[in-house]
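Only this structure's heavy atoms are used, side chains among them; waters, hydrogens and symmetry mates stay out.
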2 protein chains.
Amino acid sequence: MTDAQDRSSNTVANACERCSVRHRAMCAAVDFDHLGALEQIVSHRQFAPGQSIFDESEPADYVYNVSNGDVRLYKLLADGRRQITGFLRPGDFLGLVKQDTYAYGAEAIDAVELCCMRIVDLERLLREMPAVRDRLLDMSRDELAAAQEQMLLLGRKSAREKVLSFLLLRARHDLDLDEAESAALDLPMSRSDIADYLGLTIETVSRTFTSLKEEGLIDLPSAQHVVLPNIEAVEAAASAD
Amino acid sequence: MTDAQDRSSNTVANACERCSVRHRAMCAAVDFDHLGALEQIVSHRQFAPGQSIFDESEPADYVYNVSNGDVRLYKLLADGRRQITGFLRPGDFLGLVKQDTYAYGAEAIDAVELCCMRIVDLERLLREMPAVRDRLLDMSRDELAAAQEQMLLLGRKSAREKVLSFLLLRARHDLDLDEAESAALDLPMSRSDIADYLGLTIETVSRTFTSLKEEGLIDLPSAQHVVLPNIEAVEAAASAD
DNA sequence: CGAGCTGTTGACATTGCTCAAATTTCGTGG
DNA sequence: CCACGAAATTTGAGCAATGTCAACAGCTCG
C-alpha cells in the first residue's frame, strides 16, 4: 500500500553476469557469451509489500523472473473468493499468458525485485537461442507437475494433511537436499495467504498450527517462524504420496 | 479389465495424413511435407475400458496423443484416495515426465486408441522441427492455465458450483464456439470419476445432479446424458470467474 | 432370470466454516 | 522509550455443508 518503493522501470546496476539466481531461472539456458544480449533486453522493477504486479486478464506485455522476495499468484471468483495458485521465490518465472492476457494475478508479498523482459523480446530470444525454449518447456513441465500435486492436496487431503504438506514443501525447497532431520522455516506470507493457498479459512489454518504444536510435530517461535524438529515424523503424518 | 482389445504395438493403417485429430494435436505443427517422417516414428495402441495406460512413477519411454476415446489422468495417496487431474479427449497429449518417470497415472475410460511415440524419437523430432517445440510449449501453457482454473474450483467452489463448472467445461468443449443456448452432453466417465475430479464423494455428486434437475437447471435423460436447456442460467449459477 | 455393478436416496456423523471476541504484534507518533 | 490504535492471529461456540454408512433401485451381462 505504501508505494515508497515503486520505482518502476528503474534500471538496476546488477548485471545478469552477477545475478545470484541465474542458475535457477530461465536464464540458466543462456550461455555465458550471450549474457550481454540478455542484459540489453531486461530491466528491473521493485515492488513494495502488498503491491500488485499485474491483474488477471490484464493485457500481457512483459514476463518476469523473481530476483528477490516472495510473490503470490492468485485467481479470484466474482464474489471475491480467492485461490492462491502458487508462491514464487527468487529464480521463479511468472507471466504465463493466455491469448495475450495474464492467466492469473500477481502481488508482492514482501519487498520484491523483478527482472522484466518484453514478451516480443523474449520471442526473439527464443528464436535465436533454442536452448532457452527447452528451458522454458522444462520449467512449465515442473510447474504443471506441481499444479497436479496441488490438485491432489486441494481435492483429497484433510486440513491437517494440507498444512503439513505445505510445511514440507517449504522445508524441501529450503533444504534442497533432503538430508536434514530438522528444519527452521520462515513464512513470509500471512495466514490468510496460506488459507487461500490450501483451500481453508484462516481460522482453520491457525487452529491446525496450534494443534500441531500441542502434539509436538512443530514448534512456533512466532507466527511466521515454524520449526520442524523431526521431518520424518511430519512426512509420515502428511500422507505423502 | 477385459483385455480383449489389448493389441499393443499393433500398427494401424490410419496414416497421419488422414488423422482426424491432427489439427488439434501436437502434430498440427508438423508441416504437410514432413508427415512422412512423423508416420515413421509413431505407432498405435488400443485400450479396453478401464485398462491402465501407465502408472504414476513408472519409467517413461513413450508420449501419447489420444486418437480416439476418453482417458483419465490421476494421482493417488498411499491410502487409495484418488484425485483425477484431467479428462483427455481425442487430440489431447499425455506423457508429461518428471525425471524419466510419469508424473501421473493414466487409464482408458472407454475404448481408447492412442498414437504413440518414443520419447527419444520425439526429442529428435524437436531438434529437427522447432515449430513442434513451440506447439508443445503452447499446449503445456494451456494445460497449466486449466490446472490453475481447477485449483480455483477445488479450493474455493461449493459442491453445486463444482458440478455446474464441470458441466460448462464439457459443454464449451463440445460446442467449441459458445454461441448455442443449450447443449446435450455425453459423460463417458462414471460418477466416481466425476467425484474424484471435483474433490467430492459420489453421493454428493449424485445428490447435486438430482437437485439441479429438480430446479430445472439441467435435464438427466440417463445417468450419462445431461442436457443444459439454458446455458446462460448455468453460467450464472456456476460462479464463473 | 439372477448376479453384480452403478447410481440414487436416506439417516446420521463430522470436518471445517461462520460469527464473535480476546489476544498478540507491529507501526506510528508523542 | 512508551503509549496507542490498527491489523493479524488465536480462541471459542454453534452451525452447515459435505462425508460416511447403509439400503435400495435400475441396468447390463451372462
Side-chain angles (χ1 to χ4, degrees), chain A residues 1-5 48-50 72 77 79-83 109-111 153-166 186-214 218-226 239, chain B residues 1-2 4 48-50 72 77 79-83 109-111 153-164 166 186-214 218-226 237 239:
Chain A
M1 305 317 169
T2 133
D3 44 10
Q5 297 207 288
R72 57 177 173 251
L77 291 174
D79 61 4
R81 279 174 290 173
R82 180 179 69 156
Q83 178 66 37
I109 292 176
D110 45 20
L153 177 147
L154 289 169
R156 286 295 176 234
K157 291 189 184 176
S158 68
R160 184 188 149 93
E161 290 167 338
K162 285 176 174 180
V163 170
L164 289 169
S165 297
F166 169 68
D186 181 51
L187 303 179
M189 70 291 290
S190 68
R191 292 288 184 268
S192 167
D193 288 342
I194 297 174
D196 285 351
Y197 181 60
L198 299 177
L200 299 171
T201 59
I202 52 178
E203 293 94 333
T204 299
V205 171
S206 180
R207 275 188 255 271
T208 306
F209 272 119
T210 305
S211 81
L212 291 175
K213 178 173 151 185
E214 280 164 2
I218 67 171
D219 197 18
L220 274 176
S222 84
Q224 5 290 354
H225 284 113
V226 183
S239 188
Chain B
M1 304 314 169
T2 134
R72 57 178 173 250
L77 291 174
D79 61 5
R81 278 174 289 173
R82 180 179 70 156
Q83 178 65 39
I109 291 176
D110 45 21
L153 177 148
L154 290 169
R156 286 295 175 235
K157 291 188 184 177
S158 68
R160 185 188 147 93
E161 290 167 337
K162 285 177 176 181
V163 170
L164 289 169
F166 169 67
D186 181 51
L187 302 180
M189 70 291 289
S190 67
R191 291 290 184 266
S192 166
D193 287 343
I194 298 174
D196 285 350
Y197 181 60
L198 299 177
L200 300 171
T201 59
I202 52 179
E203 292 93 333
T204 298
V205 171
S206 181
R207 273 188 257 271
T208 306
F209 271 118
T210 304
S211 80
L212 292 174
K213 178 172 152 187
E214 280 165 2
I218 67 171
D219 197 19
L220 274 175
S222 83
Q224 339 338 76
H225 285 113
V226 183
S239 187

(request) Using the closest heavy atom to pick a nucleotide of DNA chain C for each, name whichever of A/Gly199 or A/Pro221 lands nearer the 5' end. (result) A/Gly199
Could you tell me which residues satisfy side chain to side chain donor-acceptor pair (under 3.5 Å) with [X], sequence neighbours excluded, listed by chain and number?
| X | answer |
| --- | --- |
| A/Lys157 | A/Ser165 |
| A/Asp186 | A/His225 |
| A/Thr204 | A/Thr201 |
| A/Ser239 | B/Arg81 |

(request) I would like to know whether A/Val226 and A/Leu220 meet side chain to side chain contact (heavy atoms under 4.5 Å, CB included); could you show each step before the answer? (result) CA-CA 5 Å; A/Val226 183; A/Leu220 274 176; 3.8 Å; yes
(message) Once you apply a heavy-atom cut-off of 4.0 Å, does A/Ser158 come out as touching a base, just sugar-phosphate, or nothing?
(response) sugar-phosphate
(request) Looking only at non-hydrogen atoms, find the nearest pair between B/Ala111 and B/Pro49 and report the distance. (result) N-CG, 3.9 Å
(request) Please name the pair of heavy atoms, one in A/Ile194 and one in A/Val205, separated by the smallest distance, quoted to 0.1 Å. (result)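 Taking every non-hydrogen atom into account, CG2-CG1, 4.0 Å.
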Between [N] ([atom2]) and [X] ([atom1]): distance, integer Å:
| X | N | atom1 | atom2 | answer |
| --- | --- | --- | --- | --- |
| A/His225 | C/dT25 | NE2 | C1' | 14 Å |
| A/Lys162 | C/dT15 | NZ | C1' | 11 Å |
| B/Gln224 | C/dG7 | CD | P | 6 Å |
| A/Leu200 | C/dT18 | CG | C1' | 15 Å |
| B/Leu220 | C/dT6 | CG | P | 19 Å |
| A/Glu161 | C/dG16 | CD | P | 9 Å |

(message) Using five pairs at each end of the helix from C/dC1-D/dG30 to C/dG30-D/dC1 to define an axis, what is the angle between those two axes, to 10°?
(response)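 So the angle between the two local helix axes works out to 40°.
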(message) Using heavy-atom distances to pick each residue's nearest nucleotide on DNA chain D, tell me which of A/Arg156 and A/Ser222 is more 5'.
(response)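 Nearer the 5' end of the strand: A/Ser222.
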(message) Suppose we screen for side chain to side chain contact (heavy atoms under 4.5 Å, CB included). Which residues come up paired with A/Ile202, at least two apart in sequence or across chains?
(response) A/Arg191, A/Ser192, A/Ala195
(request) Using a cut-off of strictly less than 4.0 Å between a heavy atom of the residue and any atom of DNA chain C, enumerate the qualifying residues of residues 201-209 of chain A by number. (result) A/Thr201, A/Glu203, A/Thr204, A/Arg207
(request) List in chain and number order the residues that pass ring-ring contact (aromatic ring centres under 6.0 Å, His included) with A/Phe209, two or more places apart in sequence or in another chain; answer none if no residue qualifies. (result)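 Checked A/Phe209 against ring-ring contact (aromatic ring centres under 6.0 Å, His included); zero matches.
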(request) Keeping to residues at least two apart or across chains, list the salt bridge (charged side-chain N to carboxylate O under 4.0 Å, His left out) pairs with something in residues 200-214 of chain A. (result)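 For residues 200-214 of chain A, and leaving out neighbouring residues, there are no salt bridge (charged side-chain N to carboxylate O under 4.0 Å, His left out) pairs at all.
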(message) For the backbone of A/Asp196 and the side chain of A/Gln83, can you confirm whether one donor and one acceptor N or O come within less than 3.5 Å of each other?
(response) yes
(request) Taking heavy atoms of chain A and a 4.0 Å limit, find me the 5'-most and 3'-most nucleotide of DNA chain D within that range. (result) D/dT9 to D/dA13
